[in-house]
Amino acid sequence: MKFDNSGLNLKFLAQFIEENYQIGRIRSIRFIPKGEDGYCYSIKTDHNNHYFVKAQKSNEQLDFFNSLRFVSDLSCKYKKDYVVAPIQTSDQKSIVTFGNMWISLYPFIQGTSLYETSEFTSHLEQIAKMLADFHNVIIHNDQLPKETFHNPFEKKILHLLNVTEKQDFSSNKCKSKTASLFIKEREDIEVTLEKMKTVQKQFSQRQFNQTITHGDPNFSNILRGPNEKLYFIDWGEIAFAPVERDLMFFLEVDGRPLDFEQFISTYLENRTDTSLHPEIFEFYLYRWCLQEIADYGYRLLVENNGVEEDEHSWKELRPYLPIPHLTIHDRIKNIVNFL
């Protein structure tokens, strides 16, 4: 999210945080233009302590409460120092409700995301070791989501296709371009949605090993802190799933292939009992693509976020629509060749 159109009153938000967290009096709170699924703020207290706040629109389908509670366990109980976990409230909650927002507070780590530094290849080995260590955590938790290979974005995408047929977007250039693109790609989108349902039925009849996964360990969610130490942030998608769910993020970045052979070789050296399946990689690449189409399409065609936000959403949508079938097939071919 690049612009603060949250509607939050920052003075009231600061007061709310003071009341719920034992951090003292807040001296300043300012918006940080980071992240896509929420609004981020930097906080400083009278004692010059620095914190990071994330505000997300509440969604009954996402159980952030259980997820973030487990993330706290990863940091404290399992001693995973690369996990940036939420700070607990005065009554030991990892997340609290403020209006229509979920609020979580984190320690502020002085650093920059690897995406911002564009340092991708030089950190692949370190990331592979971290992910292998994380995937080796053995935990039994019935409250965390488990992979069922469903496509939760079908309903929203079908709604968007319906909207493009019934509404007139000619008065808004960005929305008009988006509607035209959806109309042009309608047939391919519908075929891809049907393919996802077929794959789900096939996978439901097979047994795949599932372990704890981050869900979105892209380079924007990997922070380089002091002394080149790396941290995983943004744990809202944590769930039990095949490891391919996380590994697929290191096939490419911004459409450019990475040295996946280097990355996966290091990963397998540190997690030797892993079996990889190209068809699962393909499923996750397609589901990620559909997620981006659904999310940015909805912001453009349904929400009213202003010109700047619409231009940003249009830029983010374009790599995924038309659906990049050839690119996905090339990535899968490289995996097959490596295996």
Side-chain angles (χ1 to χ4, degrees), residues 36 115 120 147-165 174 176-206 208 213 215-220 237 241-261 263-264 276-301 312-339:
E36 293 294 338
Y115 187 82
F120 307 129
E147 181 62 82
T148 61
F149 300 104
H150 74 296
N151 173 22
F153 313 108
E154 177 178 349
K155 184 176 180 180
K156 183 180 284 188
I157 291 175
L158 291 176
H159 173 66
L160 294 175
L161 290 173
N162 186 51
V163 165
T164 59
E165 297 288 348
C174 213
S176 179
K177 289 192 299 183
T178 304
S180 296
L181 184 59
F182 268 85
I183 292 172
K184 180 181 178 182
E185 299 299 323
R186 182 185 188 105
E187 181 178 353
D188 186 46
I189 292 172
E190 292 176 337
V191 168
T192 303
L193 291 176
E194 286 300 314
K195 177 183 176 181
M196 294 295 284
K197 288 194 287 191
T198 300
V199 170
Q200 182 191 14
K201 291 179 182 178
Q202 293 172 345
F203 284 4
S204 65
Q205 298 171 2
R206 300 171 62 181
F208 297 110
T213 58
D216 189 13
N218 68 77
F219 288 101
S220 293
E237 299 293 328
V243 295
E244 289 90 342
R245 182 178 188 238
D246 284 346
L247 301 182
M248 71 99 172
F249 286 94
F250 304 98
L251 289 164
E252 66 175 46
V253 59
D254 287 345
R256 302 189 302 273
L258 293 169
D259 189 349
F260 186 71
E261 184 172 343
F263 170 81
I264 203 63
L276 299 177
H277 305 82
E279 65 272 28
I280 298 183
F281 276 104
E282 183 178 24
F283 168 82
Y284 281 122
L285 287 171
Y286 270 107
R287 191 165 76 176
W288 178 263
C289 181
L290 293 173
Q291 176 178 330
E292 300 299 275
I293 292 172
D295 287 351
Y296 290 111
Y298 194 84
R299 295 182 197 183
L300 283 159
L301 296 175
H312 169 69
S313 295
W314 171 254
K315 180 181 177 182
E316 295 296 323
L317 172 67
R318 291 300 286 118
Y320 303 100
L321 196 63
I323 297 172
H325 297 290
L326 291 179
T327 299
I328 291 174
H329 293 164
D330 284 345
R331 301 291 178 262
I332 301 306
K333 182 179 179 181
N334 290 339
I335 293 172
V336 171
N337 291 338
F338 170 75
L339 296 178

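- By the 30° and 60° cut-offs, the orientation of the rings of H159 relative to Y298 is tilted.
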> Please walk me through it: do Y115 and N218 pass side chain to side chain contact (heavy atoms under 4.5 Å, CB included)?
Replying inline: CA-CA 8 Å; Y115 187 82; N218 68 77; 5.7 Å; no

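- The distance from the CD atom of Q291 to the OH atom of Y284 is 12.0 Å, given to the nearest 0.5 Å.
- For CG of L339, the number of neighbouring non-hydrogen atoms (other residues, nucleotides, ligands) closer than 6.0 Å is greater than 12.
- Each of T164, L321, L301 was evaluated against T178; a single residue qualifies, L301, per the side-chain contact (heavy atoms from CB on, under 4.5 Å) test.
- Atoms CD and CZ, on E147 and F203 in that order, are 9.5 Å from each other to the nearest 0.5 Å.
- Proximity of E279 to R206: side-chain heavy atoms (C-beta onward) are separated by under 4.5 Å at one or more points.
- A heavy-atom distance below 4.5 Å is not found between the side chains of W314 and Y296.
- Taking the side chain as every heavy atom from C-beta outward, F260 and N334 never approach each other to under 4.5 Å.
- Between L300 and C174, the closest heavy-atom pair is CD2-SG, 4.0 Å.
- Among all heavy-atom pairs drawn from I189 and F182, the shortest one is CD1-CD2, 4.1 Å.
- Smallest separation of non-hydrogen atoms from I293 and Y320: CD1-O, 3.3 Å.
- Side-chain contact check for R331 versus F281: every heavy-atom pair is 4.5 Å or farther apart.
- Residue G215 comes nearest to D246 through the heavy atom pair N-OD1, 2.8 Å, listed as atom of the first residue, atom of the second, then distance.
- Note that NZ of K156 is 12.5 Å distant from CG of L158, once rounded to the nearest 0.5 Å.
- Taking CZ from F153 and CG from L160, the interatomic distance works out to 12.5 Å, rounded to the nearest 0.5 Å.
- Counting all heavy atoms, side chain and backbone alike, F283 lies closest to H150 at CZ-O, 4.1 Å.
- Going from atom CZ of F249 over to atom CG of L251 covers 10.5 Å, rounded to the nearest 0.5 Å.
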>> Apply side chain to side chain contact (heavy atoms under 4.5 Å, CB included) to residues R318 and L181 and explain how you reach the verdict.
In response: CA-CA 9 Å; R318 291 300 286 118; L181 184 59; 3.6 Å; yes

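- Under the 4.5 Å side-chain criterion, counting only non-hydrogen atoms from C-beta, E316 is not in contact with R299.
- We find the CD-CZ distance between E252 and F120 to be 11.5 Å, quoted to the nearest 0.5 Å.
- Between H325 and Y286, the angle of the ring planes lies from 30° to 60°, which puts this pair in the tilted group.
- One finds a salt bridge joining E165 and R186 here, because a Lys/Arg side-chain nitrogen approaches an Asp/Glu carboxylate oxygen to under 4.0 Å.
- Listed here is the closest heavy atom pair of F149 and P242: CZ-CG, 3.9 Å.
- Using a distance-only test at 3.5 Å, with no hydrogens or angles considered, a donor-acceptor pair links the side chain of S204 to the main chain of K201.
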>> Run the side chain to side chain contact (heavy atoms under 4.5 Å, CB included) test on E244 and L276 for me, step by step, so that the C-alpha distance in whole Å, both residues' side-chain angles and the decisive distance to 0.1 Å come before the verdict.
In response: CA-CA 7 Å; E244 289 90 342; L276 299 177; 4.0 Å; yes

>> If you apply the rule side chain to side chain contact (heavy atoms under 4.5 Å, CB included), what do you find for I264 with F338, and how did you get there?
In response: CA-CA 9 Å; I264 203 63; F338 170 75; 3.0 Å; yes

